Q: 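After the structure tokens below, expect a handful of questions from me.
Because the structure is a prediction, the values reported are computed rather than measured.
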Amino acid sequence: MRRLYQIIISSEFWKSIFRTRNFSTNLGRSMVIFNNLFLHILPVKTKRETLHFGATMYLGFISFSLFVILTLTGIYLMLYYHPSVPQAYWDMKDLQFAVSNGVFIRNLHRWSAHAMVAAVFLHMLRVFYAGAYKTPKQFNWGMGIMLLILTLLLSYTGYLLPWDQLAYWAVSVGANMADAAPVIGPKLKFLLLGGNNIGENTLIRFYVLHCVILPLAAAGLIGVHFWRVRKDGGVTPLFRKRSEQIPDNE
Amino acid sequence: MSKDNQKNVSRRDFIWKIGIGSVAVSIGGASVLTVRYMKPNVLFEIPTRFRMGMPEDFSPGSVTTDSKRKVFIIRQKTGAFFAISSVCSHLGCITQYRSIDEKISCPCHGSIFNLSGEVLSGPAPKPLQRVLIEINDRGELIVDTAITVSDDYLLRV
């Protein structure tokens, strides 16, 4: 077993993917991060204090994990769902009753969506109370606000897709809130609904927004958000005095 | 053109301005095109102007609900007609007529209106909109939910 492991990690193929194997030095450990597309979004060094549960309560990580779950389950749902007025409701019912494990995927998507709104909001509160919106992190706070708005828009556009009474009237109410905006309100509502009433145009518009435009925008902003955390540093709790902080070299 | 008036534009500057200018023009053009594309020209919605039948089909003191076209046709005991939109003035849900207490209620947030469309309770900020009802030359009732009229508008036949 050990020999097999040795053969695999010393093979040309393995070495072409993972270039660094020396974990014994700081340089080696840094190189592992540098040389990996997925890891390089993480800082090479981080303060022990920032990794402490109390610093972030892992709410950002939880939000991102939910985003990943939502993307995957969303792709599953797209395979059975047709965004058309005669089909949409019945496809949703088929997912619940006729498709194997359909109800599990649908519920996972729905509950994760509710949880993501809560997690993003709590993440924002945690960052606020830790004072992590202050210099030099103002830009990333702004990114966070945009991501909160995107999360809410994703939630709102997804709400219409089951095409049941709750969906229809909730989106009616939301569209009328947009309508109340000064000057641009009525035009905004018309563009959002693709007409004067919620109908076929609205369903396809919300579908495209929900499945393509908003997730792509969110993924892009999440990338920038993570990059800035790496550059500016994460949340450091203020409630502890410097003398009580866990030393980095511990 | 005299030589004094010529501004000294370097080649690099000139190319830079051409570049920025063309990027601005293409972004602007694409934005206008996109917004225009988003606005549908043909809508397959039910018409806002429609016939409701002959006046004598409505008995005095009656309320007729057309939930598809979102309108109430009310004929008073005096015989006069008026039409009010059933779209709630709060956030656009469809209100329902309750014959048991002769009130109009909204299922979404609980606003209550009387038969004139005035708010009795709930979050609705203004009365239900009174819309145009008229008689065409064949003596039929015509309703247009896109044309609003004042709250004392009555059609006498």
Side-chain angles (χ1 to χ4, degrees), chain A residues 82-88 152-153 155-157 159-160 162-214 216-217 220, chain B residues 27 30-50 65-71 84-96 104-113 117 119 122-129 131-132 143-148:
Chain A
H82 305 79
S84 68
V85 169
Q87 274 296 107
L152 295 177
L153 285 176
S155 188
Y156 176 65
T157 50
Y159 216 93
L160 181 69
W163 201 250
D164 52 11
Q165 286 293 316
L166 183 65
Y168 189 92
W169 294 110
V171 169
S172 250
V173 165
N176 277 297
M177 287 179 182
D179 191 35
V183 190
I184 56 162
K187 285 195 176 106
L188 199 65
K189 183 190 169 194
F190 188 81
L191 285 182
L192 190 67
L193 299 187
N196 300 306
N197 300 309
I198 296 177
E200 193 79 69
N201 281 352
T202 318
L203 184 56
I204 194 79
R205 267 167 205 230
F206 275 49
Y207 180 73
V208 173
L209 278 171
H210 187 75
C211 301
V212 184
I213 298 172
L214 296 174
L216 279 179
Chain B
I27 290 177
S31 309
V32 170
L33 182 145
T34 304
V35 171
R36 193 62 200 84
Y37 177 81
M38 293 295 166
K39 210 175 149 198
N41 293 325
V42 181
L43 291 173
F44 301 94
E45 294 174 346
I46 52 170
T48 60
R49 190 179 175 86
F50 46 88
T65 306
D66 190 331
S67 54
K68 200 175 161 198
R69 282 134 167 184
K70 303 173 185 172
V71 71
I84 50 180
S85 166
S86 62
V87 178
C88 184
S89 57
H90 179 221
L91 283 167
C93 294
I94 303 305
T95 55
Q96 282 153 8
I104 294 168
S105 72
C106 178
C108 287
H109 307 105
S111 294
I112 310 276
F113 306 86
V119 184
K126 51 188 179 184
L128 293 176
Q129 184 61 54
V131 295
L132 183 73
V143 174
D144 194 329
T145 53
I147 300 175
T148 58

Q: Can you name the nearest heavy-atom pair linking B:M38 to A:R205, along with the distance?
A: O-NH2, 2.6 Å
Q: Given the rule in the side-chain contact (heavy atoms from CB on, under 4.5 Å) test, do B:L43 and A:N201 qualify, once you have shown the distances and angles that lead to the verdict?
A: CA-CA 9 Å; B:L43 291 173; A:N201 281 352; 4.0 Å; yes
Q: Write down the atom of B:G92, the atom of A:N176, and the distance for their closest heavy-atom approach.
A: CA-ND2, 3.4 Å
Q: Below 4.5 Å from any heavy atom of chain A, which atoms of B:I94 appear? Answer side chain, backbone, both or neither.
A: both
Q: Determine the minimum heavy-atom distance between A:G194 and B:P40, stating which atoms define it.
A: O-CG, 3.4 Å
Q: What part of B:H90 gets within 4.5 angstrom of chain A, counting heavy atoms only: side chain, backbone, both, or neither?
A: neither
Q: Using only atom types and a distance under 3.5 Å, with no angle test, would you say the side chain of B:E45 pairs donor to acceptor with the backbone of A:G195?
A: no
Q: Atom CD1 of B:I46 and atom CG of A:N196: how far apart are they, to the nearest 0.5 Å?
A: 11.0 Å
